[in-house]
Amino acid sequence: MNPPSSAHPVPAIAAERLAELVGIALERTAFIFSDPAPLDPADVKVATHAAVIRYRGASSGTIVVRAGEGFLRTLAAGLLGLEPAEVVLDDHADDALKELANIVGGSVIDELGGRTRTFHLGLPESTQPAQVLASPPDTVQCCLRCEGAPVFIAWSPSPVAALAA
Amino acid sequence: MPCNLLIVDDSAILRKAIRKVAALAGVEGDRIREAANGREALDVLNREWIDLVLLDLNMPVMDGEQFARALREHPEHKDVNVVVVSTEVNEDRLGRMRTLGVTDTLRKPFEPEDLRRLISKTIGVKPA
């Protein structure tokens with residue numbers, strides 16, 4: 001792990017830019033159009049699924065993606081080219097959210113200079129939303145709504161304490 | 001032109017999504033194989049003729065780079081086209097993949113049309 005030095009400070013990603021990266025990922029991968037939405041901590045409680053992905057290298061960090069069944073159904077339907085009603089959520093929810101975390105992780109690394117700086121992106125893991133520990137103070141968070149269903153993304157540009165699986 | 005395609009990605013839902021795009025690119029469904037990691041991909045290649053591998057890089061068991069290295073050690077697979085489909089952006093790593101025989105790369109998030117065009121270009125199959 002290479003801690004950032006004063007000569008190479010960790011680039012910042014503002015919440016608006018994080019939301020833009022997620023929006024691009026949703027649009028390109030699953031034909032989902034989304035809008036940034038105010039982040040209401042109370043809304044985060046509706047999330048039934050969560051996925052986490054970590055990266056290390058030039059800097060370390062964590063991305064957590066949380067969503068409820070409404071968004072997950074839309075996401076899986078978009079990926080599979082199905083109508084939302086055709087999606088068997090049990091079969092696809094975790095996998096779809098992990099893949100979104102994977103893509104967002106790659107986009108964050110690209111934003112941090114990953115084309116020329118060395119990062120290693122881990123494998124996405126499913127986790128329970130309630131088991132995600134409180135975020136470090138420097139966490140950047142955003143919320144997007146896709147057809148009214150929210151998805152929450154948190155980027156912590158520092159290692160988050162161990163998350164229970 | 002018939003094409004045997006192997007999709008290598010640890011995400012089952014993404015393999016299904018890529019399968020749909022491949023069908024739109026003219027690849028027949030019964031000519032598409034899937035593998036969840038590089039080890040499974042090698043097993044497929046040892047059993048069946050594959051024309052094109054769509055390869056993720058970050059996978060458990062055997063990642064994409066390890067798979068590409070293993071492929072180079074088998075002369076019977078030297079004509080297999082390998083295209084990386086990954087979140088990877090690092091120029092050094094992608095350069096290493098090209099020295100290992102990767103012919104093209106497509107970065108996630110990709111638009112399905114980009115993947116369709118790449119498949120068509122690589123294997124010369126006319127889109128359905």
Side-chain angles (χ1 to χ4, degrees), chain A residues 20-32 51 53-55 57-58 63 72-73 75-82 87-126, chain B residues 7-25 27 29 32 34 36-39 54-66 84-98 105-118 128:
Chain A
E20 188 178 5
L21 294 174
V22 177
I24 291 170
L26 290 170
E27 188 176 330
R28 287 189 184 167
T29 309
F31 294 112
I32 294 174
I53 193 164
R54 300 174 180 83
Y55 63 88
I63 292 108
L72 291 168
R73 187 171 293 281
L75 177 62
L79 285 167
L80 298 171
L82 300 174
V87 171
V88 179
L89 215 50
D90 284 349
D91 290 349
H92 299 302
D94 285 334
D95 204 17
L97 199 60
K98 284 196 297 181
E99 185 59 22
L100 179 61
N102 182 45
I103 293 172
V104 173
S107 297
V108 165
I109 284 177
D110 190 20
E111 200 74 4
L112 296 177
R115 294 181 192 228
T116 53
R117 303 170 81 199
T118 301
F119 289 91
H120 175 76
L121 185 64
L123 297 173
E125 301 168 22
S126 293
Chain B
I7 302 166
V8 189
D9 198 300
D10 57 327
S11 168
I13 198 169
L14 198 68
R15 293 198 303 270
K16 286 186 169 62
I18 292 174
R19 180 183 275 270
K20 282 188 179 273
V21 173
L24 290 172
V27 182
I32 299 175
E34 297 181 24
N37 56 67
R39 174 62 56 197
L54 299 178
L55 178 68
D56 189 17
L57 290 183
N58 289 341
M59 296 179 290
V61 182
M62 177 184 275
D63 66 24
E65 189 167 346
Q66 292 167 330
V84 163
V85 181
S86 171
T87 56
E88 184 62 65
V89 298
N90 185 266
E91 292 167 358
D92 286 344
R93 191 177 189 198
L94 293 175
R96 284 203 303 276
M97 295 305 296
R98 283 190 285 273
T105 58
L106 183 63
R107 196 195 136 207
K108 297 177 183 177
F110 56 83
E111 294 190 8
E113 178 60 23
D114 292 337
L115 179 60
R116 190 195 68 76
R117 270 201 299 265
L118 192 147

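Each chain gets a letter, A, B and so on, in the order its sequence line appears, and its residues count up from 1. From a predicted model like this one, the values you see are computed outputs, not experimental measurements.
Residues B:Ser11 and A:Asn102 are not in side-chain contact: their nearest non-hydrogen atoms beyond the backbone lie 4.5 Å or more apart. Counting heavy atoms from C-beta on, the side chains of A:Thr116 and B:Glu91 come closer than 4.5 Å.
When all heavy atoms of B:Thr87 and A:Gly106 are compared, the closest pair comes out as CB-CA, 3.9 Å. Residues A:Ala96 and B:Ile13 come closest through the heavy atom pair CB-CD1, 3.8 Å. Between A:Asp95 and B:Ala12, the closest heavy-atom pair is OD2-N, 2.8 Å. When all heavy atoms of A:Arg117 and B:Asn90 are compared, the closest pair comes out as O-ND2, 3.1 Å. A pairwise comparison of heavy atoms in A:Leu80 and B:Ala17 identifies CD2-N, 4.5 Å as the closest pair.
Separation of atoms CZ (A:Arg115) and CG (B:Leu94) is listed at 9.5 Å; rounding is to 0.5 Å. Distance check, rounded to the nearest 0.5 Å: NZ of B:Lys108 to CG of A:Leu100 gives 11.5 Å. Atom CD1 in A:Ile109 sits 7.5 Å away from atom CD in B:Glu88 (nearest 0.5 Å).
Both the backbone and the side chain of A:Leu79 have a heavy atom closer than 4.5 Å to some heavy atom of chain B. Only the side chain of B:Arg107 comes within less than 4.5 Å of a heavy atom of chain A; its backbone N, CA, C and O stay farther away. For chain B, no part of A:Ala30 is nearby; none of its heavy atoms comes within less than 4.5 Å.
When the candidates A:Val104, A:Thr29, A:Asp110, A:Asp91 are compared by the number of heavy-atom contacts under 4.5 Å with chain B, A:Asp110 comes out ahead.
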